[in-house]
Amino acid sequence: MKIQTACVHAGYTPAPGEPRILPIAQSTTYLYNDFDDVAALFDLKKEGHMYSRISNPTVESLECKIAALEGGIAAVAVSSGQSATLLSVLTICESGDHIVSLNNLYGGTHTLLGSTLKKYGIETTFIPFDADEETIRAAIRPQTKLLFSETLGNPGLEVLDIEKMSSIAHEHGLPLFVDNTLATPALCRPFEFGADIVVHSATKYLDGHATSLGGVIVDSGTFDWTGGKYPQLTEPDPNYHGLSFTESFGPKAYATRARAVFLRDMGNVLSPFNAFLINLGTETLALRMERHSQNAWTIAKYLSEHPKIEWVRYPSLPGSAQEKLAAKYLPEGASGVVTFGVAGGEQECKALINALRLASLVVHVGDVRTHILHPASTTHRQLSAQEQLLSGITPNLVRLSVGIEDSQEIIEDLDQALRRI
Ligand code: PLP
């Protein structure tokens, strides 16, 4: 299926007489008639739903849809994007392990990797998003378990050179994890360029209507975990009677462990109702990303010609430092987020944001409505001034998440607000 068709149809194929639209399985439990059948489920010897903390039919349909869209072998849906990143890391990292990450991350991911996980013994070295190959290689240690980055940095909008990062990762026997939230599989499929694991905040463009928190981990199924670096996947797991995930589940070893160990133990599940809403949103993903990208391009162009705007960042804007990478990795459109620097500083940003009428001040991206935010005082507030600058967050940076409204009306709104500062 092409991406437009898969958005609508993948993940759920009803049999005759069943609901045409994905039903909400609002049930914690599943009925079995045979004692041994349930025991086999608990030993992971049989596939099936046993309890909704581990899997659920509505959630499973969404998982299958996102796996199909990304070109992966399996997906695990969880309660938020933060949960997706956390579980993706914990599936192969323990105390004493190390991560190399580009530093242009969503603020919450930066604090998760750099601060929270550090307290539990998992250390991350952050390197500049434009680091050369030698710098990336030099950051890798014997304890390094994965390389992490975002396809399209939030909010800096730097385009990841996925092929470069994945080839460095693979040279060292490591997987590349990519947060594909801002690009979405409608615009970029990181597995096609060598990434191994994709994570999503489904809260953003997948849902698309700002109704539901959710996250997804997608396994490409192509990384070889058996070299000795990942005993969690290869060695016998005493909690499953000595089962080895790689031996029992082959290419699905990683996704199976994420679910069977971490969803089971931590319980950060996606509710069936949120899965239903995110699935509904994803049905129009390809259509929306086309419009988000067109609108964002038009608004980026308008802002780039405005005297009160110091600079504009949108990956495919002519002359953008990211233009070449955007042409390679985002040929169908560069998504809906535009960042720009208001001439002046925080006070001018405040005046602009307070004067807007159509665009709303909301801590969110990826909604059908246009949203605006000042990251330095909100999402990246917990970082020090120096960490903010290293992550590309200047005091005059404003992030606009361009919706699917009429682009001229968004421009008129920005225009009247800019006239007031
Ligand atoms: N990754 C990116 C790129 C994000 O923008 C966000 C949230 O803004 C997250 C992860 C975290 O997602 P959630 O808010 O669903 O936990």
Side-chain angles (χ1 to χ4, degrees), residues 81 85 88-89 98-115 123-140 144 146-172 174-184 187-188 190 193-201 300 311-317 319-330 334-335 337-341 365 375-376 379-380 383-399:
T85 306
S88 75
V89 167
H98 175 251
I99 294 168
V100 174
S101 175
L102 298 192
N103 66 1
N104 58 321
L105 300 174
Y106 162 65
T109 311
H110 201 290
T111 44
L112 171 66
L113 297 181
S115 175
E123 200 186 329
T124 297
T125 300
F126 292 102
I127 49 175
F129 77 88
D130 54 355
D132 60 25
E133 298 193 12
E134 280 326 298
T135 310
I136 304 171
R137 285 192 185 96
I140 295 172
T144 305
L146 63 102
L147 265 56
F148 191 94
S149 47
E150 291 178 8
T151 321
L152 200 48
N154 180 11
L157 304 181
E158 304 84 3
V159 181
L160 175 68
D161 190 340
I162 308 173
E163 276 181 355
K164 175 174 113 180
M165 279 297 276
S166 66
S167 67
I168 297 171
H170 296 164
E171 248 173 49
H172 292 80
L174 300 171
L176 173 64
F177 284 33
V178 172
D179 180 332
N180 199 29
T181 298
L182 288 202
T184 83
L187 300 175
C188 178
F193 302 101
D196 302 287
I197 302 294
V198 158
V199 295
H200 276 284
S201 166
W311 53 265
V312 176
R313 205 170 296 141
Y314 186 66
S316 60
L317 201 61
S320 145
Q322 305 292 307
E323 201 180 354
K324 238 171 119 182
L325 287 172
K328 176 170 178 178
Y329 292 109
L330 298 159
S335 195
V337 182
V338 177
T339 55
F340 55 94
V365 294
T379 49
H380 289 67
L383 302 187
S384 68
Q386 208 209 351
E387 281 172 331
Q388 285 191 357
L389 287 180
L390 282 173
S391 302
I393 312 296
T394 53
N396 71 342
L397 184 150
V398 169
R399 184 186 75 187

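- Side-chain contact between E323 and S316 is absent, with no heavy atoms from C-beta onward closer than 4.5 Å.
- Shown here are the side chain to side chain contact (heavy atoms under 4.5 Å, CB included) partners of K164, two or more places apart in sequence or in another chain: E133, I136, D161, I168.
- T181 places a side-chain N or O within donor-acceptor distance of the main-chain N or O of S201, the cut-off being under 3.5 Å.
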Item to check | D196 and H170: CA distance, side-chain angles, deciding distance, side chain to side chain contact (heavy atoms under 4.5 Å, CB included) verdict | outcome: CA-CA 10 Å; D196 302 287; H170 296 164; 2.7 Å; yes
Taking distance alone, no hydrogens or angles, what donor-acceptor pairs closer than 3.5 Å link side-chain atoms of residues 102-109 to residues at least two apart or in another chain?
| residue | atom | partner | partner atom | Å |
| --- | --- | --- | --- | --- |
| N103 | OD1 | F129 | N | 3.4 |
| N103 | ND2 | L390 | O | 3.0 |
| N104 | ND2 | E158 | OE1 | 2.7 |

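- Contact of the V312 side chain with the L317 side chain is registered, since non-hydrogen atoms from C-beta on lie closer than 4.5 Å.
- The heavy-atom pair separating L157 from L182 by the smallest distance is CD2-CD1, 4.0 Å.
- No hydrogens or angles considered: a donor-acceptor pair under 3.5 Å links the side chains of H98 and T125.
- Judged by distance alone, the side chain of S166 and the main-chain N or O of A195 form no donor-acceptor pair under 3.5 Å.
- The two residues N154 and R399 come nearest to each other via the heavy atoms OD1-NH1, 3.0 Å.
- The two atoms that bring C188 and A183 nearest to each other are CB-CB, 4.0 Å, heavy atoms only.
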Checklist entry - Should S320 and R313 be marked as a side chain to side chain contact (heavy atoms under 4.5 Å, CB included) after you check the CA-CA gap, both sets of side-chain angles, and the distance that decides it? => result CA-CA 7 Å; S320 145; R313 205 170 296 141; 5.8 Å; no
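- Across every non-hydrogen atom of H172 and I140, the tightest pair is ND1-CD1, 3.7 Å.
- Of the candidates I197, L160, T151, T151 is the only one forming a side chain to side chain contact (heavy atoms under 4.5 Å, CB included) with P190.
- The side-chain heavy atoms of L146 and L176, taken from C-beta on, include no pair separated by under 4.5 Å.
- With hydrogens and angles ignored, the 3.5 Å screen pairs a side-chain donor or acceptor of Q322 with a backbone N or O of V159.
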Checklist entry - Do E387 and F126 pass the side chain to side chain contact (heavy atoms under 4.5 Å, CB included) test, and can you show the C-alpha distance, the side-chain angles, and the key distance before you say yes or no? => result CA-CA 10 Å; E387 281 172 331; F126 292 102; over 6 Å; no
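- Two residues are said to be in side-chain contact when any heavy atoms from C-beta on lie closer than 4.5 Å; S101 and L147 fail this criterion.
- Using a 4.5 Å heavy-atom cutoff, the side chains of I393 and P155 are in contact.
- Side chain of Y314 to backbone of S335: a donor-acceptor contact under 3.5 angstrom is found.
- Across every non-hydrogen atom of A139 and V100, the tightest pair is O-CG2, 3.5 Å.
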Checklist entry - Between V398 and T339, does a side chain to side chain contact (heavy atoms under 4.5 Å, CB included) hold up when you go through it step by step? => result CA-CA 6 Å; V398 169; T339 55; over 6 Å; no
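- Annotation for H110 and L383: closest pair ND1-CD2, 4.0 Å, computed over non-hydrogen atoms.
- K328 pairs by the salt bridge (Lys or Arg N to Asp or Glu O under 4.0 Å) definition with E163, not counting sequence neighbours.
- Using a 4.5 Å heavy-atom threshold, the side chains of V199 and V178 count as separate.
- Atom-to-atom distance recorded for I99:CD1 and E123:CD is 10.0 Å, nearest 0.5 angstrom.
- Using bins of under 30°, 30° to 60° and over 60° for the plane-to-plane angle, the ring pair F177/F148 lands in the tilted bin.
- Although no hydrogens or angles enter the test, the distance criterion places no donor-acceptor pair under 3.5 Å between the side chain of E134 and the main chain of A138.
- Here the side chain of Y329 pairs a donor or acceptor atom with the backbone of I162 at under 3.5 angstrom.
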